Amino acid sequence: MTRYWEDLKILQVNREAPRAYYIPYGEAEAALSGKRGRSPYYQTLNGRWKFQYQSSVKDVENGFYDVATDVSAWDDLTVPSCWQVKGYDQLQYTNVNYPFPCDPPFVPNENPAGLYVREFNISENWKGKEKYVVFEGVNSCFYLWINGEFVGYSQGSRVPAEFNISPYIQSGKNRMAVMVLKWCDGTYIEDQDLWRFSGIFRDVYLLARDQNHIVDVFNKQELSDDCQKAVFRCELQTTSPLEINAQLRNAKGDVVHEGKAMIDRKGSLEFEVLEPVLWNAENPYLYSLYIYSGDEVLLFKVGFRKVEIKDGVFRINGTAVKLKGVNRHDSHPVLGQTIPINHMIKDLVLMKRHNVNTIRASHYPNDPRFLDLCNAYGFYLIDEADLECHGVLHAGDYHMLTRNPDWEHAFLERAIRMVERDKNHPSIVMWSLGNESGYDMNHMAMARWIKGRDTSRPIHYEGVDPRHKGSPNTEVIDVESRMYSSPAYIENYAKDENSTKPMFLCEYSHAMGNGPGDLKDYWDIIYKYPKLMGGCVWEWSDHGIKTQSANGTQYFAYGGDFGDQPNDGNFCIDGLVGPDRKPHTGLLELKQVIAPIRIEAEDLSKGAITVTNLFDFTILSHMELTWKIEKDGQLMDQGEPIQLHALPHTAQQVSIPYAIPSQSHSRYFLTVSCRSKWDTRWAEAGHEICFGQFELPVHRLQEHKAQSIPAIHVNSSGHQLSIEGFDFKHIFDMYNGVFIKVTKHGLDMIDSPVKFNIWRAPTDNDRKIKHSWMEEGYDRATMHVYSSEITNQTDTSVEIEVKFSLGGYIKIPILHGVALWKVDGTGEISLQVDITVRESLVFLPRFGLQLTMPQGTEEVEYFGLGPHESYIDKRQSVKKGKYLLTVDEMFENYIMPQENGSRYGTEWAIVSNEQGMGLKFSGSDDFSIHAAHYTPEDLTRAAHDYELVRRQETIVHLDYKISGVGSNSCGPELLEPYRLDEKEFKFEIRIKPIFKEDE
Ligand code: GAL
Ligand code: MG
């Protein structure tokens with residue numbers, strides 16, 4: 001076997017030139033169904049293959065591909081599939097680092113090999129036809145034999161390889177043998193942040209073609225400035241002179257144009273379409289172009305649309321659009337990188353339902369059927385070349401391959417194979433030269449080639465960011481692309497008149513763990529400047545692998561869980577949805593922030609609001625607005641839905657017929673919701689696109705509780721001060737400065753002493769700051785009491801003042817405080833604490849009280865934001881209201897346990913047992929509440945969710961503030977307004993034991 005796998009000059013042997021993706025059908029109707037099996041010229045080779053895994057190519061037996069070789073003892077393997085999820089080789093997750101010594105183009109001598117053999121029949125009907133085999137995706141390279149004869153070789157994992165196999169095939173039974181190697185020189189430029197999978201992971205099939213047939217089709221179009229007229233030009237390439245008939249049909253199936261042409265190897269067919277219905281992501285109108293020749297009919301979906309950059313603004317069909325995107329990998333928790341079509345659809349439907357209009361195919365071309373789906377569902381797609389050599393950065397020089405002429409062909413080929421396969425898809429609005437591979441001449445060669453072939457789409461490549469110090473010569477790249485830049489950075493760019501290219505955030509708001517917390521900050525700025533075209537959140541989905549722990553608990557594994565070295569831990573768990581596609585709260589945030597409708601208050605005393613249509617092409621008449629008024633969280637009023645009609649990019653005044661009192665003891669909230677009136681392909685009528693919520697201007701009357709306060713009895717014994725009232729008895733520990741017992745009617749409300757607390761289980765976004773936190777002892781702060789004394793005592797109340805500090809061993813105390821605890825005859829405990837934080841410390845994770853409530857405390861009722869978790873910078877998707885949840889429902893499960901489930905903006909909360917016996921908390925200002933069966937330390941310690949041991953008791957945190965979550969796992973530092981970095985502050989909270997059913 002020739003060692004092609006380390007030879008940069010040989011990237012293929014006998015492979016057909018790349019061409020547009022299509023399947024030849026026998027009839028138009030079958031073509032329209034999209035079911036490839038309905039073509040008489042298509043035959044799948046998916047299914048059961050005989051398989052032998054060798055941990056080194058050196059052990060592959062010569063002649064394994066011979067017809068006579070007995071493979072009956074080999075394993076069975078379903079194709080397509082990835083070895084590593086089928087029990088072969090080693091599951092390994094590595095991001096930037098190469099899994100082997102960086103010595104391009106050489107890969108380890110012990111290069112694992114997978115041998116595939118299968119037999120297949122060739123139908124009599126294929127007699128006289130040319131026969132091809134297409135491999136849609138094989139990682140990383142393969143050798144092909146048919147009936148014992150060598151056919152060819154190919155590398156390049158995520159683009160197809162096609163071979164003409166006519167000379168090797170006979171009627172009836174045939175044998176195909178494939179040797180796939182785990183690594184080849186191509187692996188150096190397939191260093192994407194991924195589980196490293198190998199094998200025939202996409203479909204394999206045979207095609208039978210007429211002797212004379214169409215090879216390639218390139219559908220081009222030129223739209224007039226007003227988009228009212230399209231010149232459509234279908235460029236064809238044939239094997240030999242061939243008569244073709246073309247028919248363009250609209251979505252209803254009516255013929256719009258018919259034409260004939262004689263194509264002698266190269267030629268084209270051109271015609272005009274007047275007033276075409278335009279394609280865009282909101283209304284993905286598709287025409288069908290049928291091309292008949294000989295026995296075959298090919299079908300191409302055509303979307304009339306124009307992509308352009310004019311005056312520094314990215315436009316579709318002349319309109320400035322914002323790309324509201326996500327980065328999507330091919331990732332499946334069980335199948336690895338083999339993605340079934342329903343799984344793709346599930347992703348797309350979820351994206352649509354969350355207002356996503358753009359997908360960056362990070363970081364390689366996807367299965368061709370995925371692009372068909374994007375055309376049909378309506379997504380703007382950034383198609384990315386299968387090219388990343390991030391690892392050379394850690395090996396020393398980011399630009400070493402792009403600058404090296406030996407690699408030019410390998411780079412170029414990846415642009416060519418992508419563009420040739422995908423050029424006919426209307427959904428693709430930009431070509432990307434790949435990801436994180438430095439920037440220099442090999443990239444320029446790619447860009448120049450693309451521009452020579454397709455002038456209809458801009459070129460994107462993030463490597464041009466000057467901070468990477470690649471070549472400054474960036475004219476061939478059309479957009480200024482960045483990753484993880486801060487909102488301030490992109491605003492500066494937008495304001496700079498010397499920067500003329502539109503800016504695209506190909507990655508931003510790293511969605512790892514609890515986050516991202518900065519989405520609105522980005523979008524406020526993106527909306528402000530036409531030059532900012534939007535961006536794609538990193539990333540759509542967590543890449544956990546479904547696995548079981550030693551005791552049989554199912555969990556999602558990440559890097560290192562399989563003993564893989566090197567690994568990047570849970571850096572692959574950074575999606576908006578879980579591996580099972582369960583949306584994380586970050587996705588709910590994204591949905592609301594990028595919603596195509598904005599709702600603002602105009603004059604709430606009169607019910608006047610403004611609804612702005614941020615759709616780029618759609619009138620709001622497909623939406624209606626429902627509304628309701630809640631008084632202290634209780635439904636008061638609602639009315640008929642209000643019809644919307646605003647044109648794109650315009651606003652509509654809406655008047656809502658509610659009546660509210662001018663003054664009240666209560667708070668009134670208006671919640672409006674924009675809902676679709678009709679079913680769509682991806683959601684049913686009534687689907688909420690977004691909502692708006694406003695507190696109504698009702699003058700708030702203060703409660704005057706002229707309540708007579710019963711007397712108390714205060715007794716001290718030793719350090720313990722017991723405060724007894726009519727139906728309660730609390731005990732304060734004067735030595736430790738805290739309550740150790742709180743009761744009502746003899747029922748204990750706390751299990752252990754009340755504590756001041758500043759620690760939270762670090763989130764993924766705290767992965768950097770947590771080192772400073774721990775350095776200063778925030779994770780181990782204990783309380784020192786300087787003094788604790790009764791400062792005031794009456795018949796009905798007692799006040800205790802405690803001077804204290806919190807600090808961790810080794811370090812000077814973090815903060816000093818003076819706490820004033822007061823208990824009155826109602827049993828209520830009120831706390832007023834003044835805090836001074838030591839100068840020059842990094843911001844605190846949180847500050848508040850921690851209470852441990854007894855077993856059986858399972859219910860949380862609160863007036864605040866809900867129903868799901870919220871933080872100061874992550875609260876766009878929650879609504880103010882009254883919520884009744886269980887403690888378990890308060891918990892938000894992250895694969896790597898971390899701070900979660902806090903509720904920002906809480907006015908009051910009752911945490912109780914199911915009979916309503918518990919504690920009521922209320923603040924003078926809104927606070928954050930958190931109730932869980934885990935302590936911050938439990939969450940800090942566990943590396944996977946299955947390691948958590950649920951406590952019987954309930955840990956409650958009442959926080960003055962808790963710092964925001966941000967997206968610093970990969971993005972900028974937590975923005976200043978979201979940090980708890982006040983040096984002096986005051987916190988007040990009241991704690992009252994209650995039986996809420998009697999209140
Ligand atoms: C980016 C990269 C992505 C991913 C991300 C971190 O730099 O392009 O592929 O690695 O960082 O999650
Ligand atoms: Mg990378």
Side-chain angles (χ1 to χ4, degrees), residues 92-99 102 157-158 187-197 325-331 337 359-366 382-395 397-402 414 432-439 443 460-465 467-468 470 481-486 489 504-516 518 535-544 558-559 566-577 579 584 586 763-765 767-768 894-896 966-972:
Q92 177 167 23
Y93 162 60
T94 164
N95 175 1
V96 179
N97 293 318
Y98 286 121
C102 180
S157 297
R158 286 89 172 204
T187 306
Y188 280 98
I189 49 175
E190 290 174 9
D191 189 36
Q192 292 94 348
D193 178 6
L194 268 183
W195 291 96
R196 306 299 167 114
F197 292 118
V326 293
N327 281 278
R328 179 186 170 282
H329 263 295
D330 277 341
S331 168
Q337 230 181 16
I359 300 168
R360 175 169 174 239
S362 53
H363 298 299
Y364 38 77
N366 293 118
I382 292 111
D383 200 4
E384 190 151 277
D386 188 5
L387 173 50
E388 169 161 353
C389 55
H390 207 170
V392 296
L393 173 68
H394 286 185
D397 174 5
Y398 207 5
H399 310 285
M400 70 188 254
L401 297 188
T402 175
R414 284 167 190 254
S432 167
L433 303 185
N435 191 52
E436 300 184 315
S437 299
Y439 176 69
H443 282 106
H460 152 272
Y461 179 53
E462 185 271 343
V464 295
D465 182 341
R467 290 171 293 189
H468 301 317
S481 183
R482 293 290 183 276
M483 281 181 187
Y484 307 111
S485 294
S486 66
Y489 177 98
F504 178 59
L505 289 173
C506 66
E507 296 180 26
Y508 78 105
S509 280
H510 199 253
M512 189 175 187
N514 188 353
D518 45 21
C536 296
V537 169
W538 186 269
E539 69 176 307
W540 171 245
S541 156
D542 291 336
H543 298 230
Y558 51 73
N567 74 72
D568 282 288
N570 70 327
F571 224 61
C572 59
I573 308 291
D574 56 355
L576 292 165
V577 297
H584 291 308
T763 63
D764 285 305
N765 290 318
R767 70 205 307 268
K768 296 177 187 148
Y894 290 99
I895 290 174
M896 198 284 285
S967 69
N968 193 219
S969 45
C970 198

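Since we're looking at a predicted model, the values are computed, not measured. Positions are given from 1, in the same order as the sequence printed here. Read the numbers this way: they start at 1 and go in the same order the structure lists the ligands and their atoms.
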Below 6.0 angstrom between ring centroids: does that apply to Tyr93 and His543?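 No - the distance between ring centres of Tyr93 and His543 does not fall below the 6.0 Å cut-off.
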
Looking at [atom], what's its closest protein heavy atom, distance included?
atom	result
atom 4 (C) of ligand 1	Asp193 OD2, 3.1 Å
atom 5 (C) of ligand 1	Tyr484 OH, 3.5 Å
atom 7 (O) of ligand 1	Glu436 OE2, 2.4 Å

For His399, check ring-ring contact (aromatic ring centres under 6.0 Å, His included) against everything at least two apart and list the hits.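 So His399 forms no ring-ring contact (aromatic ring centres under 6.0 Å, His included) with any residue.
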
Quick check against the 3.5 Å criterion: does Glu190 have a side-chain atom that pairs as donor or acceptor with the backbone of Ser157? yes

List every atom of ligand 1 that sits less than 4.0 Å from any heavy atom of [X], numbering the atoms from 1 in the order shown and giving each element.
X	value
Asp574	12 (O)
Asn95	10 (O)
Asn435	2 (C), 8 (O), 9 (O)

Are any of the side-chain heavy atoms of Glu539 and Ser362 separated by less than 4.5 Å?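 Result no, sub-4.5 Å side-chain heavy-atom pair not found.
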
Run down the list Glu462, His363, His329 and name the one with the heavy atom closest to atom 9 (O) of ligand 1.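 Considering heavy atoms of Glu462, His363, His329, the nearest to atom 9 (O) of ligand 1 sits in His363.
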
Judged by heavy atoms only, the candidate from Arg360, His510, Glu507 nearest atom 8 (O) of ligand 1 is Glu507

Which heavy-atom pair separates Lys768 from Asn968 by the least distance, and what is that distance?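 Looks like NZ-O, 3.1 Å.
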
Shortest non-hydrogen contact from Tyr461 to Val464?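 For Tyr461 versus Val464, the nearest heavy atoms are O-CG2, 3.1 Å.
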
Ser432 and His460: side chain donor to acceptor below 3.5 Å: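 Yes, because at least one side-chain N or O of Ser432 sits under 3.5 Å from a partner of the opposite role on His460.
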
Judged by modelled atom types alone, do Asn567 and Thr94 share a side-chain donor-acceptor pair under 3.5 Å?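 Not at all, the side chains of Asn567 and Thr94 share no donor-acceptor pair under 3.5 Å.
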
Salt bridge present between Glu384 and Arg158 (N-O < 4.0 angstrom): no

One pair to check against ring-ring contact (aromatic ring centres under 6.0 Å, His included): His394 and Tyr98. What are the steps and the verdict? CA-CA 9 Å; His394 286 185; Tyr98 286 121; 9.5 Å; no

Output, by chain and residue number, all protein N/O/S atoms separated from the Mg ion (ligand 2) by less than 2.8 Å. Glu388 OE2, His390 ND1, Glu436 OE1

